[in-house]
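Each ligand, and each atom within it, is numbered from 1 in the order the structure gives.
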Amino acid sequence: MKVVAFNGSPKINGNTYHALQLVGKELEMAGIKFEIIHVGNQSIRGCIACGNCSMKQNEQCIITNDIVNESIQKVKEAAGILLGSPVHYSGVPGTMKSFLDRLFYVSTSNGNLFRHKVGAAIVADRREGGISTLNELNYYLSYSEIMIPTSNYWNIIYGTTPGEIVQDIEGTQIMRILGKNMAYLIKIMASSKGIVEAPEKEDKVYTHTL
Ligand SMILES: Cc1cc2nc3c(=O)[nH]c(=O)nc-3n(C[C@H](O)[C@H](O)[C@H](O)COP(=O)(O)O)c2cc1C
């Protein structure tokens, strides 16, 4: 069992990385493998809305010069996904947004590849905009029939200089508990296979607001 985490910070060893590690440590202690993929330092353009992924049903984005396609397969093989992001102007930084739009659009338009994975999101910020950024990340998970574990507060941790978040003792507890609950949910999902029947998948109904 494995959780794949995506770090949306441009900094490889910044606060988002340290926050992801706090969650990852709990997962590893529970026997779950943990990998962080650094997204925020890459060159990743946004979705061009060409519809190719939906038409071809090949589980691929037509843009092939970045880490999106390999990441789709990594999440597909994993038991869980963890989205980590710093707050930039009260939102998800542009590179991470470009990455997530394409990752999740390919998934949902190809029969919902991440359905029933366990998934959570965390954010690191200096002062304000944590909730709106966390909501933004959770939109991707909740659109995808992903099972979301919780903590004892919203998954936000505070710090400015890289590593400073370790001083946020409430934040570190939030990450720790999230990691434990995520591991617990992954194990429940795995051990219920063949015992508890998953609900039948429904084809997505698309309407539009007139
Ligand atoms: C371009 C930019 C915009 C930022 N905007 C916000 C903001 O709106 N609210 C906030 O609290 N912190 C903001 N910050 C601070 C970062 O969110 C904060 O330092 C965070 O811990 C950085 O995480 P990292 O080290 O993983 O990159 C901003 C930082 C940058 C570089």
Colleague: Are any of the N/O atoms in P162 less than 3.5 Å from those in ligand 1?
Modeller: no
Colleague: Students should be able to answer this: which protein heavy-atom is nearest to atom 10 (C) of ligand 1, and at what distance?
Modeller: E128 O, 3.2 Å
Colleague: Of all the non-hydrogen atoms in the protein, which one sits nearest to atom 25 (O) of ligand 1, and at what distance?
Modeller: N15 N, 2.8 Å
Colleague: If every non-hydrogen atom of N13 is compared with every non-hydrogen atom of P162, which pair is closest and at what distance?
Modeller: O-CB, 3.6 Å
Colleague: Nearest protein heavy atom to atom 3 (C) of ligand 1, by residue and atom, and its distance?
Modeller: H88 CA, 3.5 Å
Colleague: Around atom 19 (O) of ligand 1, find the nearest protein heavy atom and jot down its residue, atom name and distance.
Modeller: T160 O, 3.5 Å
Colleague: Considering only protein heavy atoms, which is closest to atom 11 (O) of ligand 1, and at what distance to one decimal place?
Modeller: R127 N, 2.6 Å
Colleague: Considering heavy atoms of the protein only, find what lies nearest to atom 12 (N) of ligand 1 and give residue, atom and distance to 0.1 Å.
Modeller: R126 N, 3.4 Å
Colleague: Where the closest heavy atom to atom 16 (C) of ligand 1 is concerned, which of V87, I156, N7 has it?
Modeller: V87
Colleague: Does the S107 side chain pair with the main chain of L103, one donor and one acceptor, at a distance under 3.5 Å?
Modeller: no
Colleague: Please identify which atoms of ligand 1 are closer than 4.0 Å to at least one heavy atom of A124.
Modeller: 17 (O), 20 (C)
Colleague: In terms of relative ring orientation, are F104 and Y140 parallel, tilted or perpendicular, with 30° and 60° separating the classes?
Modeller: tilted
Colleague: At less than 4.0 angstrom from any non-hydrogen atom of Y89, what atoms of ligand 1 do you find?
Modeller: 1 (C), 3 (C), 4 (C), 5 (N), 6 (C), 7 (C), 8 (O)
Colleague: Looking at C53 and V106, what are the two nearest heavy atoms and their distance?
Modeller: CB-CG2, 3.9 Å
Colleague: Identify the heavy atoms of K117 and V75 that sit nearest to each other, and give their distance.
Modeller: CE-O, 3.3 Å
Colleague: Measure from the side-chain N and O atoms of D125 to the backbone N and O of Y158, and report whether any donor-acceptor pair falls under 3.5 Å.
Modeller: no
Colleague: Which of the numbered atoms in ligand 1 are under 4.0 angstrom from any heavy atom belonging to G159?
Modeller: 18 (C), 19 (O), 20 (C), 21 (O)
Colleague: Output the list of atoms in ligand 1 that are nearer than 4.0 Å to some heavy atom of S90, sorted by atom number.
Modeller: 7 (C), 8 (O)
Colleague: For atom 27 (O) of ligand 1, which protein heavy atom lies nearest, and how many Å away is it?
Modeller: S9 OG, 2.6 Å
Colleague: Inspect the contact between E145 and K201 and indicate whether a charged nitrogen and a carboxylate oxygen are less than 4.0 angstrom apart.
Modeller: no
Colleague: For T16, counting its heavy atoms only, list the atoms of ligand 1 lying under 4.0 Å from any of them.
Modeller: 23 (O), 24 (P), 26 (O)
Colleague: Kindly compute the distance separating SG (C50) from CD1 (I62), expressed to the nearest 0.5 Å.
Modeller: 4.5 Å
Colleague: Compute the shortest N/O to N/O distance between Y17 and ligand 1 and return yes if it is under 3.5 Å, no if not.
Modeller: no
Colleague: Taking atom types as modelled and ignoring hydrogens, do the side chains of Q173 and N152 form a donor-acceptor contact shorter than 3.5 angstrom?
Modeller: yes
Colleague: Without hydrogens or angle criteria, can the side chains of H38 and N41 be said to hold a donor-acceptor pair below 3.5 Å?
Modeller: yes
Colleague: Without swapping roles, check the side chain of S9 against the backbone of K11 for a donor-acceptor pair under 3.5 Å.
Modeller: yes
Colleague: I need the contact type for K11 against ligand 1. Using non-hydrogen atoms and a strict under-4.0 Å cut-off, is it side chain, backbone, both or neither?
Modeller: side chain
Colleague: Considering heavy atoms of the protein only, find what lies nearest to atom 23 (O) of ligand 1 and give residue, atom and distance to 0.1 Å.
Modeller: P86 CB, 3.4 Å
